Number of protein chains: 2
Amino acid sequence: MSDRAKQTAYLKVKEAVMERIRAGDWKPGDLIPKEEDLARDFGCARMTANRALRELAEEGVIERRKRAGSRVALQTGRNALFEIPRVDKEIEATGAAYRYRLLERKIAEPAALARSRLGLEPGEKALKLVCLHYANETPFQLEERWINLAAAPEAAAESFQEINPNLWLLERLPWSEVEHVVSAVNASRWAAERLEVPEGEALLLVERRTWNEAARITYARFLHPGRFYSLSAGGQR
Amino acid sequence: MSDRAKQTAYLKVKEAVMERIRAGDWKPGDLIPKEEDLARDFGCARMTANRALRELAEEGVIERRKRAGSRVALQTGRNALFEIPRVDKEIEATGAAYRYRLLERKIAEPAALARSRLGLEPGEKALKLVCLHYANETPFQLEERWINLAAAPEAAAESFQEINPNLWLLERLPWSEVEHVVSAVNASRWAAERLEVPEGEALLLVERRTWNEAARITYARFLHPGRFYSLSAGGQR
DNA sequence: AAGTGGTCTAGACCACGGG
DNA sequence: CCGTGGTCTAGACCACTTC
């Protein structure tokens, strides 16, 4: 079940809020009490309530906006278990400097594979982006991404010169479903040149599809040279 | 590009610490200044420095222990959460026939890498197994596994001719922690022959470590040709 | 035993953004 | 405009761990 260790005050608040959400007292989209009220109710300082809510927001349980207050996140799913990896954070977590570069941007009809992943009809167009993510000036990830303009029309107006597509999407479109497929491929000449590895080198390919109730949002292929992912899971449940 | 937003004090501290780490001033294992000192140096409150260090610890950049101080994390790469393990029986789930074959079984001292994964001292021995898993008579997975005999002494009496090590372990030893590391490698001649693929073919390598409160149990390397993993995540929990 | 992180408080000012 | 979150402070006590 959940933590019974209600020793620290901010955890008490956090657990209590989660409990109300779990119980259905506060449903997705509902406004929850503001920090000040929570602090009063729990007899703690506002900073304590703040930390509880901040962590819940980081975990995706609630969404917060100034002036508008905190609401239970719409996506029923807990991002706590399945978070979308963020390249920039992963890289910075290793102590390396993160750099992003856009290689290509065009609006075109996707090839058959990408088209089916996005659920588009033949003839429909989408936004294609190709970009490179560097860790300390070394290519770390080559990204090939299609964005469904029907789901994210604002993308057509974004240059993606400065912000990476993943961040841009995360900030704008809530997803409710994600699928990852991981495989290994030999580097094509095209990929090898960009990743600065020998042709034929084994690359880790991660394909990701994201969608919500309304539409398929994006399909992306990430290519990584060498070692990459570390998935860890504790033994609960 | 990293954050230019040095507006907030705790981010200033965080960035500054990361910068020192990146620059190599503070190397993995090094002690970094304590909160109090950082607060003084940056002219902020200790809670502000605390938040900076707390976030760095959450991101895996540093490790903190009471009384012992904060150190630059030793492990350079990790992060990115995914899902919990999967079962080998998924071959059957695809409708293919599953077959298992033991290729090798011996008790020996593991090489350095495996030894450290199992947490053994030089000279200690462990049980090594090599086996192949087939889907419809096609090699699907090549498994190289070390079992810590201190944690699972019964394994020494099991032939593993008929039952695959994963199942055997699952039925006997409850694990509380699992770690997976996924990467891509080019097929060595040895692996290529057994998997019946060309040498140099890109293979998906999954390393798995399993342990419980008492001891490290097993370390396994799984090699897969071609496509392999499919993780999907909706909302649950 | 003592030093360090972990947390807490009761105030405060600011910035963003909904109304 | 003005309420809400975002952050900050200058103290404080506690808990854990190493010494």
Side-chain angles (χ1 to χ4, degrees), chain A residues 3-18 20-21 26 29-74 89 154 163 167 170-172 174, chain B residues 3-18 20-21 26 28-74 213:
Chain A
D3 304 10
R4 196 145 313 274
K6 299 212 172 185
Q7 300 183 346
T8 57
Y10 84 89
L11 283 179
K12 266 187 205 166
V13 178
K14 199 173 158 184
E15 286 288 327
V17 170
M18 287 200 63
R20 302 285 300 255
I21 294 175
W26 297 332
D30 283 0
L31 206 59
I32 72 177
K34 59 187 180 190
E35 296 180 351
E36 204 178 345
D37 291 349
L38 281 176
R40 187 169 31 70
D41 295 350
F42 285 85
C44 66
R46 187 170 77 99
M47 266 224 81
T48 304
N50 174 282
R51 179 163 177 193
L53 294 191
R54 191 193 335 132
E55 291 197 355
L56 285 173
E58 273 169 13
E59 292 165 15
V61 177
I62 64 175
E63 286 172 359
R64 322 189 68 192
R65 264 180 304 179
K66 296 182 185 183
R67 167 79 210 211
S70 304
R71 292 175 180 279
V72 179
L74 285 174
K89 284 206 161 187
E154 323 91 283
I163 185 170
L167 271 184
L170 279 177
E171 287 173 3
R172 278 166 190 75
Chain B
D3 302 9
R4 190 160 324 277
K6 298 217 170 184
Q7 300 182 348
T8 58
Y10 84 90
L11 283 180
K12 267 187 207 169
V13 178
K14 198 173 158 183
E15 289 287 327
V17 170
M18 288 203 60
R20 302 286 299 258
I21 294 176
W26 297 332
D30 282 0
L31 206 58
I32 71 177
K34 57 187 181 190
E35 295 180 351
E36 205 177 345
D37 291 349
L38 282 176
R40 185 168 34 70
D41 295 351
F42 285 87
C44 65
R46 188 172 75 102
M47 266 226 78
T48 304
N50 173 280
R51 179 163 178 194
L53 295 191
R54 188 187 344 128
E55 291 197 357
L56 285 173
E58 275 169 12
E59 292 166 17
V61 177
I62 63 175
E63 286 173 359
R64 321 189 68 193
R65 264 183 305 174
K66 297 183 187 184
R67 168 79 210 219
S70 304
R71 292 174 181 280
V72 179
L74 288 173
E213 317 74 39

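Fair warning: this is a prediction, and the values are worked out from it, not measured in the lab.
Phosphate contact (OP1/OP2 of dT4(C), side-chain N/O of Ser70(B), threshold under 4.0 Å): absent.
We find that NZ of Lys34(A) is positioned 7 Å from C1' of dT4(D), with the value rounded to whole Å. Counting to the nearest Å, the C1' atom of dT18(D) and the CG atom of Leu31(B) are 13 Å from each other. The CZ-C1' distance, from Arg40(A) to dT9(C), rounds to 17 Å in whole Å. Atom pair Asn50(B):CG and dT9(C):P shows a separation of 15 Å (rounding to whole Å applied). Atom OH in Tyr10(A) sits about 12 Å away from atom C1' in dC8(C), given to the nearest Å. Regarding Glu63(A), its CD atom lies at a distance of 16 Å from the C1' atom of dT4(D), rounded to whole Å. When the P atom of dG5(D) is taken as reference, atom CZ of Arg71(A) falls 11 Å away, rounded to whole Å. We find that CE of Met47(A) is positioned 11 Å from C1' of dG5(D), with the value rounded to whole Å.
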Going through the distances and angles, do Val17(A) and Val61(A) end up as a side-chain contact (heavy atoms from CB on, under 4.5 Å)? CA-CA 10 Å; Val17(A) 170; Val61(A) 177; over 6 Å; no
Just do the side-chain contact (heavy atoms from CB on, under 4.5 Å) check on Ile62(A) and Ile21(A) with the steps written out, would you? CA-CA 10 Å; Ile62(A) 64 175; Ile21(A) 294 175; 4.2 Å; yes
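Ranking dG5(C), dG5(D), dT18(D) by closeness to the Lys66(B) side chain, first place goes to dG5(C). Here the side chain of Cys44(B) is nearest to one of dC16(C), dC8(C), dT9(D), namely dT9(D).
Where Arg65(B) and Thr48(A) each meet DNA chain C at their nearest nucleotide, the meeting point lying more 5' is that of Arg65(B). Checking Arg67(A) against Ala45(B), the closest nucleotide of DNA chain D that is more toward the 5' end is the one next to Arg67(A).
The two residues Arg51(A) and Tyr10(A) make their nearest non-hydrogen contact at NH2-OH, 3.3 Å.
For the side-chain contact (heavy atoms from CB on, under 4.5 Å) with Glu35(A), the qualifying choice from Arg54(A), Arg40(A), Arg46(A) is Arg46(A), the only one to do so.
Side-chain atoms of Arg64(B) never come within 3.5 Å of backbone atoms of Ser70(B) as a donor-acceptor pair (strictly under, hydrogens ignored).
Among the atoms of the strands shown, only primed sugar atoms or phosphate atoms (P, OP1, OP2) are found under 4.0 Å from some heavy atom of Arg64(B).
At a cut-off of 3.5 angstrom, the base of dG6(D) holds at least one donor-acceptor pair with the side chain of Arg46(A).
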